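Down below is the structure, laid out as structure tokens.
Since the model is a prediction, treat every value here as computed from it, not as a measurement.
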Amino acid sequence: MRYIAYLEGVLGRAFGPALVTFYALVVLTLGAQPAVARVTPVDWLQVSAEDGTPLVSLPMPKGVGWCLAWNHSVEGFEVLDCYRNVDGNMVLERSHLPDFAAGLDHVLGRGRQVSDGENGYWIEDIDEPVPGNRYRLRVGAMRVDHRLVTRGEPTLESLIENHRQACGERLPDSLPEAMTPISLSTLAANRAVTVTLLPCTSGQDPCCIP
């Protein structure tokens, strides 16, 4: 507005209304531009087949968490191992065990056991970095259904959708649709896969491909 007042003084007050109208049109035009999803360079959570082919790739910014869920092969209830990207490191933070069933127990000195209020328990404060930011997983059959699920905010759905909106076609073919859970058993039942947290490979490019 000071600039407009200056022009009025130099060019005469007759130009004032026209300049104000022009200024208003510029502001309205800029404000009418469609919103574009913003992303920053992120790490990627990738599940790969034994030959290295990516089966699932998910944008996984630093500080964001996710869980690997599966159904106990005998009891059928859901078990959770929950991870987080801590400054580029895959860290196992907590696990949920609905019962002391076969193969499930709390190892003393590895986190602390607390009740979940429903006859199960959480193992909190495990806080174990995964060596090399990767681990091997033998994916179970569909009755076990190993799957990736959301852990708090942002959801896996919102991470996927944000990247689709911002990056268009510049996305890996292994990026799933914006829905969860993401079933690994559908993709690789009874086969070994590698779960890896990968850094962005394109510097500051927010749409890098792992």
Exercise for the section: Please determine, by modelled atom types, if Ser174 and Ser57 share a side-chain donor-acceptor pair under 3.5 angstrom. Expected result: yes
Problem - Joint cluster assignment, Leu137 & Leu80, ILVMFWY side-chain distance < 4.5 Å - result: no
Is it the case that the side chain of [X] and the backbone of [Y] share a donor-acceptor pair, with hydrogens and angles ignored and the cut-off at 3.5 Å?
| X | Y | value |
| --- | --- | --- |
| Thr180 | Val149 | no |
| Arg84 | Met90 | no |
| Asn85 | Met60 | yes |
| Arg143 | Ala141 | no |
| Ser95 | Ile123 | no |
| Asn89 | Val91 | no |
| Arg164 | Leu171 | no |

[atom1]-[atom2] distance between [X] and [Y], expressed to the nearest 0.5 angstrom:
| X | Y | atom1 | atom2 | result |
| --- | --- | --- | --- | --- |
| Met142 | Ser183 | CE | OG | 4.0 Å |
| Ser158 | His163 | OG | NE2 | 11.5 Å |
| Leu45 | Leu68 | CG | CG | 9.5 Å |
| Trp122 | Arg94 | CH2 | CZ | 4.0 Å |
| Leu156 | Arg151 | CG | CZ | 12.0 Å |
| Ser48 | Leu55 | OG | CG | 6.5 Å |

Least distance between heavy atoms, [X] atom then [Y] atom:
| X | Y | value |
| --- | --- | --- |
| Thr196 | Arg134 | OG1-CB, 3.6 Å |
| Ala178 | Glu157 | O-CG, 3.7 Å |
| Ala192 | Glu50 | O-CG, 3.3 Å |

Kindly indicate whether the side chain of [X], heavy atoms from C-beta on, has any atom under 4.5 Å from the side chain of [Y].
| X | Y | value |
| --- | --- | --- |
| Val56 | Leu184 | yes |
| Ile209 | Trp44 | no |
| Val193 | Leu187 | no |
| Asn133 | Asp43 | no |
| Leu58 | Ile182 | yes |
| Leu175 | Ile160 | yes |
| Leu159 | Pro61 | yes |
| Val86 | Glu93 | yes |

Practice task
Could you name each residue pair satisfying ring-ring contact (aromatic ring centres under 6.0 Å, His included) that touches residues 131-151, not counting sequence neighbours?
Solution key: Trp70-His146, Tyr83-Tyr135
Handout entry: Candidate pair Leu148 and Val47, rule side chain to side chain contact (heavy atoms under 4.5 Å, CB included), full reasoning
Key = CA-CA 10 Å; Leu148 299 173; Val47 181; 4.3 Å; yes
Problem - Residues Glu124, Arg112: salt bridge by 4.0 Å N-O rule - result: no
